[in-house]
Amino acid sequence: MSATTPTKADRPNPEKVDSPPGGPGSAGGWTGVRARLSVMRPVSRRLTGLAALAMVLVPVAAVLWGSGSWPGALGVDVSGPLDDLSKWIVDNRDTSPIFLYFLLHISNTSLDAVDGVYQLLDFLGWTGVTAAAVLLAWRAGGAGRSGLKVAAIALGALAGCGLLNMWEPAMVTLSLMVVAVAVSALVGFLLGLAAGLSDRVDRALRPVLDTMQVLPAFAYLLPFVLIFGTGSPAALLATVIYAAPPMARLTALGLRGADPAVLEASASLGASGWQRLRTARLPLARKELLLGLNQTIMMALSMVVIASVIGAGGLGDEVYSALSTVDVGAALAAGIPIVLIAVWLDRTTEAAGEQLGAPPAADGPRVLRLPVYLGARPLRLGSRLLYAGRIRWITVTVSTVATALGTVAALVAGKIAGAAMWPDAWTFDVSSPVNDFQTWMVDHIHAGVPILGGTEVWASNFTSWVLNPLRDVLQGAPWWSLLLLVAGLALLAGTWRTALGAAAALAATGVLGVWSITLDTLSQVLAAVALTLVLGVVIGILAARVSWVERALRPVLDVLQTLPQFVYLIPVVALFGVGRAAAITAAVMYALPAVVRITTQGLKQTDPAALEAARSLGATGMQQLRQVQLPLARPALLLAVNQGVVLVLAVVIVGGLVGGGALGYNVVFGLSRGDLGVGLVAGAAIVCLGLVLDRVTQPAPARRKDG
Amino acid sequence: MQTRQRRIFRTALAVAAGLGLTVVAGCGAADTGKSTSAGGNDTITLTKPSWVGAEANVAVAKYVLENELDYKVTTKQMGEVIAWDALGKGTIDAIMEDWGHPEQEKQYVEEKKSVVAAGDLGVTGHIGWFVPKYWADKNPDVTDYKNLDKYADQLKTSESGGKGQLLEGSPDYVTFDDAIIKNLDLNLKTVYAGSEAAQITQIQQNAKAKKPFLTYWWTPQWLNNVVDMVEVKLPAYKEGCDADPKKVACAYPNTPLQKYLNADFAKDGGKGAEFLKNFKWTAEQQNEVAKMIAQDKMSPDAAAKKWVDANPDVVKAWLP
């Protein structure tokens with residue numbers, strides 16, 4: 001997991017770097033205008049255009065609808081129809097043909113599938129499951145001595161689940177995972193295949209995937225609950241939506257990135273399109289496919305936890321239940337297995353990827369699969385694959401047979417010993433020491449710390465002096481000025497199209513009637529992002545320059561990224577009190593790891609020649625950092641901003657659980673009451689806000705083309 | 001080349017679509033029954049609400065069902081309203097503790113007839129505004145709502161916008177507090193903790209520092225054994241004074257907590273359904289178990305076993 005943990009940050013999004021969302025084709029209509037205005041510098045040219053537009057429209061809008069909060073005349077009340085829809089669904093769930101002939105099939109099939117996998121795991125018993133996992137990991141790691149480390153990780157992870165007395169919930173989670181990953185990978189692969197082969201599909205799919213990337217998972221849980229009820233089907237489908245995009249993106253990327261020379265060669269040998277796909281393009285894209293699978297697994301795992309809110313069961317449910325007794329220790333005991341499973345699956349798929357013949361990353365153990373991210377694709381595997389052929393095939397067969405035999409042996413041994421469940425004697429309880437530690441820590445830094453004042457005082461000062469003014473300014477500003485501001489910022493970062501999209505998305509929140517609470521959420525998001533960036537960049541610089549810091553940080557970041565946010569809900573409230581400060585702390589903790597990683601990686605990947613040159617000119621460490629590394633790492637830093645925003649927004653709802661109020665609370669409200677009118681509108685507003693922020697911060701290279 | 005790819009693609013799409021249709025058509029109508037509950041007849045699924053009192057009901061019922069009546073019991077955690085929906089669908093078989101959901105009762109019990117009432121739980125719930133005892137002892141007049149404005153300053157937090165803070169809990173819970181504040185013209189503001197866990201943590205933190213606070217709270221609740229709280233008197237409850245949610249200006253009623261069963265389960269559930277109908281205990285008994293779970297951090301199963309072993313007569317009366 002050093003590489004990829006289940007966050008949207010790590011979802012590779014090469015398109016964003018490779019080519020602007022607008023694409024070359026979209027600029028067509030504007031070329032004429034552009035030519036006329038080309039004497040001006042591109043940015044000021046576009047801003048002038050916006051200013052001119054504003055001078056005409058703003059007075060009209062201000063006169064018509066005033067200059068306060070969003071005008072009521074421009075709103076649409078959707079809660080009535082939504083409530084009707086919700087009632088209709090409940091009343092017709094058992095009779096309407098849509099349900100009988102379509103949705104219920106999906107529901108029943110997915111339930112059976114999850115149930116079937118669970119039965120299988122249950123049948124294997126803990127010995128069988130552990131043996132299968134360890135041997136598969138060993139086999140993925142190369143089936144030799146090289147595979148031992150991966151196998152040890154698998155053994156450690158499963159033993160950890162058992163030792164913490166979480167074996168059964170871990171198996172429930174695992175069975176949901178198996179089905180979810182299989183479906184997501186299949187759906188993602190098919191979409192990616194289409195996008196990789198057809199430019200038209202690619203163009204159509206890209207904005208959809210972009211939107212899915214900023215879609216906070218909680219926002220779309222509710223409709224699934226209404227349609228499928230609580231339980232695994234709803235959780236499964238929500239997970240698929242969340243986890244399929246990286247597979248689709250990476251499949252398309254792999255297919256498109258195939259070496260043209262190889263394709264040309266196979267075409268000249270007379271291969272048909274289908275043959276070329278099967279024998280050249282797909283094999284060449286194998287590494288991307290595996291990376292996609294890895295990302296899909298990580299995202300599915302994080303989603304499985306979130307889905308516990310709608311009754312998915314398993315580890316997430318244990319974490320969630322521990323909350324009702326305010327038992328941090330118990331929540332942690334269920335949270336750690338999730339981290340362990342993430343590490344295990346990540347290392348196993350990663351090892352499988354490396355076995356495909358790609359040389360290990362040049363800079364030692366890689367921290368994040370950033371190369372893919374930043375658009376420089378490590379595509380060196382093709383040729384090796386073609387040779388390794390037969391010998392590998394034999395090894396593979398032998399090790400597969402060994403894996404199967406080993407599993408059966410362990411299964412039989414387990415059955416003879418009569419152990420289906422992890423033995424109770426081999427468990428131990430971590431919750432009381434953790435709870436004691438929590439109490440101790442809170443008592444000592446909560447309040448009354450000399451000079452510093454303690455966390456509660458900070459929280460209240462932060463709220464009074466930063467959050468309240470920020471919120472009041474946003475809510476007090478005339479509605480058209482905010483639209484204008486957003487359009488201007490988006491224009492600076494991208495094209496007219498992005499500007500229009502951003503302004504429209506913000507306006508949509510007003511139309512939905514949640515203007516003012518959206519701005520409340522926005523103020524929290526802005527504060528959280530600022531805090532994340534300051535901390536993240538400082539830590540990232542430190543980690544990039546001092547290698548032991550990076551080593552020490554890696555496991556911490558891994559844990560922070562995979563641990564379900566529910567676990568730190570209680571400590572956060574205990575330290576900062578119910579309110580927005582607590583919500584922001586939770587968001588910062590979630591978004592920080594990605595920002596730190598992207599910064600570190602960006603700094604470390606600066607051209608060594610440039611650094612060397614600066615050094616030989618006598619630049620001090622500080623000067624190197626400021627004048628060479630940071631400017632060169634600009635794309636990475638911009639990406640960090642963008643990912644920070646997306647991640648912070650993704651946990652707005654967790655903020656709703658600790659007193660953050662605003663949109664997060666409304667989503668929680670809608671979810672727990674099944675109230676579509678409130679929940680879906682708030683979810684849609686979060687999505688709109690996500691689109692606005694994504695467009696405004698997107699590190700769009702469009703400028704390169706213009707300037 | 002492009003055209004050929006496209007053709008292949010279209011063919012593939014058509015084949016996929018055709019296959020999909022065949023599958024759907026071949027299957028016919030799907031089974032709508034207990035489509036989301038795994039297991040056979042002798043599995044009972046109960047909803048495990050997020051508050052501990054209700055968890056105590058479920059723990060004891062589960063223990064008895066599994067050990068005396070040989071059922072397998074699964075529990076599902078879900079929001080109250082969602083639990084009603086699940087009960088109507090048959091995803092769960094019973095709600096052990098309901099605090100009153102008139103809208104859902106109308107939709108599922110009267111209109112769809114997929115849920116039936118299963119009698120009193122025996123516990124009476126009461127919602128109200130509470131202040132800590134240590135604060136009320138020092139300022140005895142704070143327990144009357146008319147004097148709350150005087151203390152608004154002490155209740156102020158950075159979240160309450162210059163007014164006194166009234167701490168609210170999970171969005172799940174029935175509350176009219178915004179209307180009550182408005183209609184009684186109090187200098188207070190509701191601050192939603194968003195979850196019971198956050199609310200409890202905040203109360204414990206305040207109690208540790210002996211700070212004044214005002215909170216939406218209820219009995220029975222295990223935390224009342226840990227933090228002593230006193231109820232603030234609101235204008236007395238009268239039948240129908242909470243009929244219009246916007247015009248409420250009175251206290252919350254005493255609610256005899258109810259049990260509900262899925263209609264099919266109530267009919268065909270055999271001894272299990274019979275037992276759940278008989279299940280009835282007092283607030284003290286419930287609190288005893290809740291405290292073992294919440295405060296002594298025992299697992300619900302262990303707490304249930306301890307209580308059942310200590311109260312064999314009570315349990316015997318429930319058995320069919």
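Within every chain, numbering begins at 1; the chains are lettered A, B, ... in the order of the sequence lines, protein sequences first and strands thereafter. Since the structure is predicted, the reported quantities are computational estimates derived from the model, not experimental observations.
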So, the part of B:E111 with a heavy atom under 4.5 Å from chain A: the answer is side chain
Only one of A:V572, A:I570, A:V328 passes side chain to side chain contact (heavy atoms under 4.5 Å, CB included) with B:T201, and that residue is A:I570
So, the part of B:L223 with a heavy atom under 4.5 Å from chain A: the answer is neither
Under 4.5 Å to a heavy atom of chain B? For A:D317 that would be both
Greatest number of non-hydrogen atom pairs under 4.5 angstrom with chain B, of A:G329, A:P571, A:G577, falls to A:G577
* Might you confirm whether atom NZ of B:K106 has over 12 heavy atoms from other residues, nucleotides or ligands at distances under 6.0 Å? => no
Closest heavy-atom pair, A:L657 versus B:S195, reported as atoms and distance to 0.1 Å, is O-OG, 2.6 Å
Honestly, the part of B:A193 sitting under 4.5 Å from a heavy atom of chain A is both
* Heavy-atom side-chain proximity of A:T439 to B:K208 below 4.5 angstrom -> yes
Under 4.5 Å to a heavy atom of chain A? For B:Q107 that would be side chain
When the 4.5 angstrom heavy-atom criterion is applied to B:E80 and chain A, the contacting part is backbone
Under 4.5 Å to a heavy atom of chain B? For A:D112 that would be neither
For residues A:V442 and B:Q205, determine if any side-chain heavy atom of one lies less than 4.5 Å from a side-chain heavy atom of the other. yes
Heavy-atom nearest pair, B:G194 first then A:V668, reads O-CG1, 4.1 Å
For this session: Using a cut-off of 6.0 Å, state whether more than 12 heavy atoms not belonging to A:W465 lie near its atom CH2.
Result: no
Practice item. Decide yes or no for B:E159 and A:V578: does some side-chain heavy atom of the first lie under 4.5 Å from some side-chain heavy atom of the second? Key: no
Applying a strict 4.5 Å limit to non-hydrogen atoms, the region of A:A581 in contact with chain B is backbone
